Protein chains: 2
Amino acid sequence: MLEINNAFNSDHNHDHCVSGALNNAKAICKENGQRLTPIRELVLRLVWGSHKPLGAYELLPALAEAGFNSAPPTVYRALDFLHQLGLIHKIGSLNAFVGCSNPEHPHPSAFMICTECKTAAEIETSELQTSFNRVANTHGFQLEEENIELLGLCSDCRGNES
Amino acid sequence: MLEINNAFNSDHNHDHCVSGALNNAKAICKENGQRLTPIRELVLRLVWGSHKPLGAYELLPALAEAGFNSAPPTVYRALDFLHQLGLIHKIGSLNAFVGCSNPEHPHPSAFMICTECKTAAEIETSELQTSFNRVANTHGFQLEEENIELLGLCSDCRGNES
DNA sequence: AAATGTATTGTTATAATATAACAATAACTG
DNA sequence: CAGTTATTGTTATATTATAACAATACATTT
């Protein structure tokens, strides 16, 4: 059974998501001998602080406000760094980044993305991984990354349309 | 069981794919009261003629050669038109378009994309649709489109690396 | 601490992708 | 044929992303 996270439930305590992600990130960086520098930490906080995928250029003002350089390469470097460690996901169809799955164990993931309000809810995909791994193995394909995006209207936005 | 098409098999008669897609496109346009104009047909041929996803700007020279206007809006319009009818797929992570699944019945689809040679092989996903539909229904999500991308190395490119 | 090498960040410029806005033409409809 | 709609042409610009190199910070060895 596929389960989703609570992105569509606006009641949850989201600070918990962010701080969980941060602790996780620190551990992962330590394991890999990488440094979670102030810029990287800020970008991680910003991305995880939103259930809506954020584009690189949406992050720049916050970087500037925090006193960092805010040219595009700065934010793209931080995003690439976090992405490579599996700490954030890139939503290809939106050119935007999102965090907030279960921060204790990074994993391939899928998203339901509302085309109206842009909210992205992560789907737990363990059940799909079997299928993906099998088809990859069958064809000698070395699976390295997944972009799984379900696009449509969330229940809130469906309601507002009627 | 997931099956893939023959994109990784360079021996197949690809003209057949293209002409199949074209016939299918004509029928679908007729059904929907849409016109498959010369520009649209050319773009369809070009996209289906390649197993590698093609970016919009890669198509422009061919449009120019064929005597059409070749400014970006021209090709984006044709791509949007074909995409909306389900005749081509957009690969979000590559900003590129691809055709060539079973042209007789358009359907949601998934791709294995080689990050080295850029070839995209379509995966038949009927087995996954059940899962996707269920999770969408459970959360009142109105599923409209899917971007399913498996990224990695195809067997050819794995061989070349060793 | 000084010297050295590596990683990170700053900075400028530009590449690559995509769309807005409006004019001109072609195709459909009564 | 006149009126309407759909398509294409055209110019300009918005959005997303990276190249290239300089400057600084950090880590390691001596």
Side-chain angles (χ1 to χ4, degrees), chain A residues 25-26 28-44 46-47 52-85 87-98 115 118 147, chain B residues 25-26 28-44 46-47 52-85 87-98 115 118 147:
Chain A
K26 284 175 181 167
I28 288 184
C29 287
K30 191 167 255 179
E31 279 173 31
N32 293 70
Q34 305 282 172
R35 293 162 48 208
L36 192 66
T37 62
I39 289 180
R40 291 166 178 172
E41 177 173 333
L42 175 56
V43 170
L44 185 71
L46 292 168
V47 171
K52 299 191 200 316
L54 295 178
Y57 282 75
E58 293 180 271
L59 298 168
L60 288 177
L63 285 183
E65 227 173 284
F68 296 110
N69 176 40
S70 71
T74 300
V75 70
Y76 278 105
R77 285 166 182 154
L79 289 168
D80 287 349
F81 174 87
L82 297 169
H83 187 222
Q84 275 172 31
L85 289 181
L87 296 168
I88 60 176
H89 299 284
K90 176 162 189 179
I91 307 291
S93 62
L94 297 178
N95 296 317
F97 297 83
V98 70
T115 51
K118 313 301 182 195
N147 286 329
Chain B
K26 285 174 181 167
I28 288 183
C29 287
K30 190 167 256 178
E31 279 173 31
N32 293 70
Q34 304 283 169
R35 292 163 48 208
L36 192 66
T37 62
I39 289 181
R40 291 166 176 172
E41 176 173 334
L42 175 56
V43 170
L44 185 71
L46 292 168
V47 171
K52 298 191 201 315
L54 295 178
Y57 282 75
E58 293 179 272
L59 298 168
L60 288 177
L63 284 183
E65 227 172 284
F68 295 109
N69 175 41
S70 70
T74 301
V75 71
Y76 278 106
R77 285 167 183 153
L79 290 168
D80 287 349
F81 175 87
L82 297 169
H83 187 222
Q84 275 172 32
L85 289 181
L87 297 168
I88 60 176
H89 299 286
K90 176 164 189 179
I91 308 290
S93 62
L94 298 177
N95 296 316
F97 297 83
V98 70
T115 51
K118 312 301 182 194
N147 286 329

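Note that the structure is a prediction, hence the values are computed from the model and not measured. In what follows, chains carry the letters A, B, and so on, assigned in the order in which the sequence lines appear, proteins first and then strands, with residues in each chain numbered from 1.
- Phosphate proximity of C/dT9 to A/Thr37: present, with a side-chain N or O under 4.0 Å from OP1 or OP2.
- A side chain to side chain donor-acceptor pair (under 3.5 Å) check over residues 30-43 of chain B, counting only residues at least two apart or in different chains, returns the pairs B/Glu41-B/Arg45.
- With sequence neighbours excluded, the residues forming a side-chain contact (heavy atoms from CB on, under 4.5 Å) with A/Ala96 are A/Pro53, A/Leu94, listed by chain and number.
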Return a table of donor-acceptor pairs under 3.5 angstrom between the side chains of residues 63-73 of chain A and protein atoms on other chains or two or more places apart.
| residue | atom | partner | partner atom | Å |
| --- | --- | --- | --- | --- |
| A/Asn69 | ND2 | A/Thr74 | OG1 | 2.8 |

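- When the P atom of D/dT7 is taken as reference, atom CG of B/Leu36 falls 11 Å away, rounded to whole Å.
- Distances shorter than 4.0 Å separate none of the side-chain N or O atoms of A/Arg35 from OP1 or OP2 on D/dA25.
- Taking the side-chain contact (heavy atoms from CB on, under 4.5 Å) definition, one finds that B/Leu59 meets it with B/Val43, B/Leu46, B/Val47, B/Leu54, B/Val75, B/Leu79, sequence neighbours left out.
- Taking the screw axis at each terminus of the helix from C/dA1-D/dT30 to C/dG30-D/dC1 from five consecutive base pairs, the angle between the two is 30° to within rounding of 10 degrees.
- Counting heavy atoms from C-beta outward, B/Phe81 and B/Tyr76 have side chains that stay 4.5 Å or more apart.
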- Item | Letter per nucleotide, 5' to 3', of nucleotides 11-24 of chain C [B base touched, S only sugar-phosphate touched, - untouched; heavy atoms, 4.0 Å] | BB----BBBBB---
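- A distance of 6.5 Å separates CG in A/Leu36 from CG in A/Leu44, rounded to the nearest 0.5 Å.
- Residues A/Asn147 and B/Asn147 are not in side-chain contact: their nearest non-hydrogen atoms beyond the backbone lie 4.5 Å or more apart.
- Distance CZ (B/Phe81) to C1' (D/dT7): 10 Å, rounded to an integer number of Å.
- Per the geometry, CD belonging to A/Gln34 stands 16 Å off P belonging to D/dC26, to the nearest Å.
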